[in-house]
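Single-structure report; data block below.
A note on names: the letters A, B, ... follow the listed sequences, proteins ahead of strands, and every chain is numbered from 1. None of these values were measured; they are calculated from a predicted model.
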Number of protein chains: 2
Amino acid sequence: MLSNDLHQLMKSEGIKITPQRLAIAEVLVNSTDHPSVQQIYERVKDHFPSLTLNTIYSTINVLVKRGLIQELPFQQYSRYESNLNPHLNLVCTICGDIADSSAADALVKDLLLNVEGSENFEIAWQRMDFYGECKKCTSVKD
Amino acid sequence: MLSNDLHQLMKSEGIKITPQRLAIAEVLVNSTDHPSVQQIYERVKDHFPSLTLNTIYSTINVLVKRGLIQELPFQQYSRYESNLNPHLNLVCTICGDIADSSAADALVKDLLLNVEGSENFEIAWQRMDFYGECKKCTSVKD
DNA sequence: ATTGGTGCAAAGGTTTTGCATTTAG
DNA sequence: CTAAATGCAAAACCTTTGCACCAAT
């Protein structure tokens, strides 16, 4: 997403714009590796040396509340996702990498519709994690 | 699951049996509401007044490592699951209830096979949470 | 008899809260 | 100008660790 578009999107959601918030949101939107708070911090602190974790947590909370990102709690700490389309997360049990998979999007859509129909349950959002070894970790062992 | 069967299952996994461990495992296996550590504590402490959270955490870690239960980390604390068949969790965003859904088991199976084939990713286990309002919470508002 | 589980206490690490200062609208 | 965000510090919370004692095999 372009920086200007993100700015407009946040503005349209009634989020007060600050340089720090924009930088944090840009990292989230432009990352496909589902960064943690610490990782976001490392990717932003060069541009904002005075930035603290507090501001990152606070910004994340705003973005989650407005529905612009999704939190993925894990055992040790949370990671964050900006791809809000229903999809699968392939989580590597070795290295911790998380990759989105769109390979089965049609089946995912079927599944959502089927559940909403049969369970009479309106799905606001979903989290689908598949755990296994990623290609990198499997090939390293061979 | 019968208490004796659980005992045998744990034994066969090489888990040293203690009365505390049996009681904790029984709560996990017989609960369908995905209890938290605190909830397990409340359901067991009457029978073991000296029991501490430490023992619950330690027992849970053993059961998770042996693959007898699955941990579901949430933002505030983890909850635990003993239904290891691939299935959906319907998570209520109002009251926090978590219910297993088997309504779409066939589609879930298709999805798993499809992903393993198209992504060349062997799925060790999975977590599928669908978030929305449960029937109780929806009916209360009407 | 020996390994390891239990319980008590303390520590660790992530996330939240309080508050003065600064900034966006 | 006013409301709210930032940054610093401290606190809160869940979970883990260390260790002495006790229990299971």
Side-chain angles (χ1 to χ4, degrees), chain A residues 3-4 6-28 34-42 44-66 68-80 96, chain B residues 6-28 34-42 44-66 68-80 96:
Chain A
S3 178
N4 272 341
L6 181 59
H7 190 129
Q8 290 307 317
L9 176 59
M10 292 171 70
K11 210 171 167 184
S12 73
E13 287 287 337
I15 298 172
K16 196 184 226 176
I17 309 292
T18 68
Q20 292 92 331
R21 286 185 162 186
L22 255 181
I24 294 164
E26 282 191 18
V27 166
L28 282 162
H34 308 76
S36 66
V37 165
Q38 283 292 342
Q39 287 174 314
I40 296 168
Y41 179 64
E42 282 153 23
V44 173
K45 71 177 175 195
D46 285 349
H47 304 82
F48 296 91
S50 67
L51 188 91
T52 60
L53 290 180
N54 184 326
T55 299
I56 297 177
Y57 278 108
S58 140
T59 300
I60 282 176
N61 285 339
V62 170
L63 297 174
V64 169
K65 267 184 194 133
R66 302 296 167 130
L68 299 186
I69 63 171
Q70 189 175 327
E71 179 168 4
L72 301 177
F74 284 91
Q75 192 185 23
Q76 302 159 336
Y77 45 78
S78 286
R79 296 175 67 166
Y80 299 90
Chain B
L6 181 58
H7 190 129
Q8 290 308 318
L9 176 59
M10 291 171 71
K11 209 171 165 184
S12 73
E13 287 287 339
I15 299 172
K16 197 183 227 178
I17 309 292
T18 67
Q20 293 93 329
R21 285 184 163 188
L22 254 183
I24 293 164
E26 283 193 17
V27 166
L28 282 162
H34 308 76
S36 65
V37 166
Q38 282 293 341
Q39 287 174 315
I40 296 168
Y41 179 62
E42 283 154 21
V44 173
K45 71 176 175 196
D46 284 350
H47 304 83
F48 297 91
S50 67
L51 189 89
T52 61
L53 291 180
N54 186 324
T55 299
I56 298 178
Y57 278 109
S58 140
T59 300
I60 283 176
N61 285 338
V62 171
L63 297 175
V64 169
K65 265 181 195 137
R66 303 297 166 125
L68 298 187
I69 63 170
Q70 188 175 329
E71 179 169 3
L72 302 177
F74 284 92
Q75 191 185 25
Q76 302 158 339
Y77 44 79
S78 286
R79 296 174 69 167
Y80 299 90

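Atoms OH (A:Tyr77) and P (C:dG12) sit 19 Å apart, rounded to a whole Å. Here C:dA11 presents its P atom at 19 Å from CG of B:Leu53, a figure rounded to the nearest Å. Straight-line distance from the NZ atom of B:Lys65 to the C1' atom of C:dG4: 14 Å, rounded to whole Å. The separation between B:Arg79 atom CZ and D:dC14 atom P is 14 Å, rounded to whole Å. Between the CD1 atom of B:Ile60 and the C1' atom of C:dG5 there is a distance of 15 Å, rounded to whole Å. Going from atom CG of B:Leu22 over to atom C1' of D:dA23 covers 14 Å, rounded to whole Å. As rounded to whole Å, 10 Å separates atom C1' of C:dA24 from atom CZ of A:Arg21. With rounding to whole Å, B:Ile15 atom CD1 is found 16 Å from C:dT3 atom C1'.
At a threshold of 4.0 angstrom between heavy atoms, the contacts of A:Thr52 include nucleobase atoms, whether or not backbone atoms are also involved. At the heavy-atom level, A:Pro19 lies under 4.0 Å from the strands shown only through sugar-phosphate atoms. Base contact: A:Tyr57 has a heavy atom under 4.0 Å from a base atom.
When every heavy atom of A:Leu53 is checked against every heavy atom of A:Gln38, the shortest pair comes out as CD1-NE2, 3.7 Å. Summarising the geometry of B:His34 relative to B:Arg79, their closest heavy-atom pair is O-NE, 2.7 Å, with the distance given to 0.1 Å.
Of all nucleotides listed (C:dT14, D:dT16, C:dA24), D:dT16 comes nearest to the side chain of B:Asn61. Nearest to the side chain of B:Val37, among D:dT15, C:dT16, C:dA24, sits D:dT15. Checking C:dA24, D:dT15, C:dG7 against the side-chain heavy atoms of B:Leu51 singles out C:dG7 as nearest.
Taking only side-chain nitrogens and oxygens, B:Thr18 comes nearer than 4.0 Å to OP1 or OP2 of C:dT6. The phosphate of D:dG7 (OP1 or OP2) has a side-chain N or O of A:Gln20 nearer than 4.0 angstrom. Checking the phosphate oxygens (OP1, OP2) of C:dG5, no side-chain nitrogen or oxygen of B:Thr59 falls inside 4.0 Å. The phosphate of D:dC14 has neither OP1 nor OP2 within less than 4.0 Å of any side-chain N or O from A:Gln75. For the pair B:Ser78 and D:dT15, the criterion of a side-chain N or O lying under 4.0 Å from OP1 or OP2 is met. Between B:Thr55 and C:dG7, a side-chain N or O to OP1/OP2 separation shorter than 4.0 Å is present.
Looking at which nucleotide of DNA chain D each of B:Glu71 and B:His7 is closest to, the 5′-most match is held by B:Glu71.
For A:Ser78 and A:Glu71, the side-chain atoms include at least one donor-acceptor pair closer than 3.5 Å.
A donor-acceptor contact under 3.5 angstrom links the side-chain atoms of B:Asn54 to the base of D:dT17. A:Lys16 contributes no side-chain N or O that forms a donor-acceptor pair with the base of C:dT23 under 3.5 Å.
In this structure, A:Gln76 and B:Pro73 have side chains that are not in contact, with every pair of non-hydrogen atoms separated by 4.5 Å or more. You'll find the side chain of A:Ile17 reaches within 4.5 Å of the side chain of A:His7, heavy atoms only. Side chains of B:Leu22 and B:Met10 form a contact here, defined as non-hydrogen atoms less than 4.5 Å apart.
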